[in-house]
Peer 1: 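Mind having a look at this structure? Questions to follow.
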Amino acid sequence: MSTIIDGLSLGSIYALIALGYTMVYGIAKMLNFAHGDIIMIGAYALFTMMNLTGSPIVAIITAIVVCTLLGIVIEKVAYKPLRGASPLAVLITAIGVSYLLQSVAQIIYGAKARPVTLFSLGTVKFGEVTLSLSALVTLIVCAVIMVGLTLFVKCTKIGRAMVAVSEDKAAAQLMGVNVNNIISITFAIGSCLAAFAAVFYLLQISATSPTLGSMPGIKAFTAAVIGGIGSIPGAMIGGILLGLIEKLCQSVTALSPYTTAIEFGILILILLVKPTGLLGRKRREKV
Amino acid sequence: MSYMLETNNLGISFGGLKAVQDVNLKIEKNCLYGLIGPNGAGKTTLFNMLTGVYKPTTGSFSLDGENLTGLSQETINHKGIARTFQNIRLFNNMSVIRNVLVGLHNQPDFKCNPFVSMIHAKRHYENESNMRNRAKELLRIFDLEEERNNLACNLPYGKQRKLEIARALATNPKLLLLDEPAAGMNPQETAELMDTIRFIRDEFDLTVLLIEHDMSLVSGICDEITVLNFGTVLDHGSTRSVLANPEVIKAYLGD
């Protein structure tokens, strides 16, 4: 039982990050490989503010603001000039931004892992089972965020414009939708989710380093691909699936050394059977 | 007086190819204006310039006296030019009504602060329901209200064309550009479409510029036409006189 809750909570962190990948891909048609590093920057923002003020609330708010602004700035400075360039150029730029962020963090904070304790929540007992409270909080907050995001996309003007831009950017633009604004908003939302991911990730591992974002970044990217990249519910399902698999594998002694191999093996299997991912749509070519 | 649309020596080259050159159109307000010409004559390219998809390399154009040359697509749309596409470009996986709602996205009547939307305040719901009502009115004109919750891609072809016009109208244009609105329609549908175009011209106080190959539609509703051939204007004037011009007949049918 506690393994399942741990898995769901890790999965919902992956899902939060995967949402960032999938939304940016859906709307800007690019893979933002610097997304994982925004989590790392968020973690350092938390670390800095915790040391300066000691207040988790201030630290969390700062991290959210820093990440959101960083997402918008990266898009404006690095990706916007490449709109219309070949996807490969954008991809290389994204990798470049990723290394840039890691190096900047290393210059400022050093390569050593720094301990961060936001708050410790302890455990709760439900009859026989003991559950970690932080896992429960993660799960609940992530669920609320995901429902909120789904409603936002479904029921608001901006959300509708986002779907329209992801369907046909040029047609949306000709209908008066400001595509640049929509892309900025998408990056802002994705990076804001990354800040939340940073908070929950630090609750689990309690230390930050310049490469903190790489592994969850890659795992979440995998989750987005498993779910069908570009699909919001797909990213949620993919993330939760991956988190569950990871925790279940780790709980079985014989399997635990192969956890990562199993996760990526499943990615390969799913792509073999369904190349567009679980909820991905086939793009029909017009004749 | 100023014309609704006026172009001055408008032209564009792609590398060495002069796709369109020296086009001078003068379209009066509330006119139904036709643009005809053989395939590859540059008609759609001209539309793309008028909507900001391509930046003209020479000349300029103005809408209702205001120069719009070189502005971005969405700005030109805000200033009052909307269009449909030769190959239908609906948002296929969105419902019919949501397609129209996207067209209403930037209408000043429906401005709503994103933060208001995010906290789902009452203002947000009022705004959304106003938008839906407006969208339904537009769909009613095109007889699409019943199908508003279907996916756009599941509509039959003729209705997709109508939905494109409804979506363009949602952006509240002064000038509507229709790129082959009757393509793929049977004679009955074409006749209905002609009535609809006249109706929306009067109802929305529009000026319409349309590209069409169906001569029954062109001669049936256009007040004036311009003929493009190899990127230049072959002839222009009242529909009857232009269609009687031997040069025009030759361009279309060969010698």
Side-chain angles (χ1 to χ4, degrees), chain A residues 26-27 64 68 72 80 83-84 144-145 147-186 188-189 192-193 228 230-234 276 279-287, chain B residues 47-48 50-53 72-85 87-95 97-108 110-120 124-125 127-128 131-132 135 152-153 164 167-173 177:
Chain A
I27 283 155
I64 291 170
T68 308
I72 296 173
K80 195 179 164 196
R83 204 127 330 129
V144 170
I145 291 175
V147 171
L149 187 70
T150 310
L151 286 176
F152 177 76
V153 171
K154 271 214 153 60
C155 305
T156 66
K157 261 175 58 156
I158 307 256
R160 201 155 43 220
M162 286 167 108
V163 181
V165 171
S166 82
E167 284 265 328
D168 187 335
K169 205 196 299 187
Q173 210 163 5
L174 288 164
M175 294 307 133
V177 175
N178 188 331
V179 170
N180 284 331
N181 279 355
I182 296 294
I183 293 179
S184 288
I185 293 171
T186 308
I189 294 176
C192 175
L193 295 180
S231 154
I232 288 180
T276 52
L279 298 184
R281 277 198 307 262
K282 239 187 216 133
R283 293 227 162 254
R284 273 164 304 178
E285 292 294 324
K286 271 221 178 98
V287 187
Chain B
F47 268 27
N48 280 336
L50 294 177
T51 48
V53 176
S72 70
Q73 288 105 300
E74 68 262 16
T75 316
I76 288 180
N77 179 268
H78 295 170
K79 299 282 186 190
I81 302 183
R83 72 176 289 179
T84 64
F85 300 89
N87 320 312
I88 299 175
R89 286 177 74 171
L90 289 168
F91 306 120
N92 277 324
N93 294 299
M94 293 170 81
S95 67
I97 193 163
R98 277 166 79 86
N99 267 276
V100 179
L101 289 171
V102 171
L104 291 171
H105 181 77
N106 263 321
Q107 290 309 300
F110 303 117
K111 274 235 151 57
C112 189
N113 187 313
F115 290 103
V116 175
S117 295
M118 248 181 252
I119 57 170
H120 285 247
H124 165 78
Y125 288 109
N127 198 47
E128 282 289 311
M131 284 175 89
R132 293 191 86 83
C153 59
E164 264 210 322
R167 182 181 67 173
L169 279 179
T171 67
N172 193 20
L177 307 181

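Protein chains get the first letters and strands the later ones, always in sequence-line order, with residue 1 at the start of each.
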Peer 1: With rounding to the nearest 0.5 Å, note down the distance linking CD in A:Q173 to OG1 in B:T51.
Peer 2: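 If we round to the nearest 0.5 Å, A:Q173:CD and B:T51:OG1 are 10.0 Å apart.
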Peer 1: With chain A as the partner, which of B:Q107, B:M131, B:M94 has the greatest number of non-hydrogen pairs under 4.5 Å?
Peer 2: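 The answer is B:M94.
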Peer 1: Distance check, rounded to the nearest 0.5 Å: A:D168 atom CG versus B:N99 atom CG?
Peer 2: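 Here the interatomic distance stands at 10.5 Å.
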Peer 1: Would you call A:R160-B:E128 a salt bridge at under 4.0 Å N-O?
Peer 2: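 Answer for the salt bridge query: yes.
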Peer 1: Quick one: does B:F91's side chain get under 4.5 Å of A:V163's, heavy atoms only?
Peer 2: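 Counting from C-beta outward, B:F91 and A:V163 never come under 4.5 Å.
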Peer 1: I'd like to know whether NZ of A:K169 has more than 12 heavy-atom contacts from other residues, nucleotides or ligands below 6.0 angstrom.
Peer 2: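 Yes, the 6.0 Å shell around NZ holds more than 12 heavy atoms from other groups.
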Peer 1: For B:R89 versus A:A170, what's the shortest heavy-atom pair and its separation?
Peer 2: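 Smallest heavy-atom distance, with atoms named: NH2-CB, 3.3 Å.
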Peer 1: At their closest point, which heavy atom of A:V153 faces which heavy atom of B:R98, and how far apart are they?
Peer 2: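 Closest approach of A:V153 to B:R98: O-NH2, 3.7 Å.
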Peer 1: Is the closest side-chain donor-acceptor distance between B:N92 and A:E167 under 3.5 Å?
Peer 2: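 No - no donor-acceptor pair under 3.5 Å links their side chains.
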Peer 1: Can you tell me how far OG of B:S72 sits from CG of A:N180, rounded to the nearest 0.5 angstrom?
Peer 2: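 With rounding to 0.5 Å, CG (A:N180) is 8.5 Å from OG (B:S72).
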Peer 1: Yes or no on side-chain contact (heavy atoms from CB on, under 4.5 Å) for A:L174 and B:N77, after CA distance, side-chain angles and deciding distance?
Peer 2: CA-CA 6 Å; A:L174 288 164; B:N77 179 268; 5.8 Å; no
Peer 1: Do A:V177 and B:V102 have side chains that approach each other closer than 4.5 Å (heavy atoms only, starting at C-beta)?
Peer 2: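 A:V177 vs B:V102: side chains touch.
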Peer 1: Using non-hydrogen atoms only, which part of B:T171 is less than 4.5 Å away from chain A: side chain, backbone, both, or neither?
Peer 2: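 It is the side chain, since no backbone atom gets that close.
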Peer 1: Taking all heavy atoms of B:H105 and all of A:A161, pick out the closest pair and write down the distance.
Peer 2: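 Nearest heavy atoms, B:H105 then A:A161: CE1-CB, 3.4 Å.
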Peer 1: In sequence, state the C-alpha distance, the side-chain angles, and the governing distance for A:V179 and B:Q73, and then conclude on side-chain contact (heavy atoms from CB on, under 4.5 Å).
Peer 2: CA-CA 10 Å; A:V179 170; B:Q73 288 105 300; over 6 Å; no
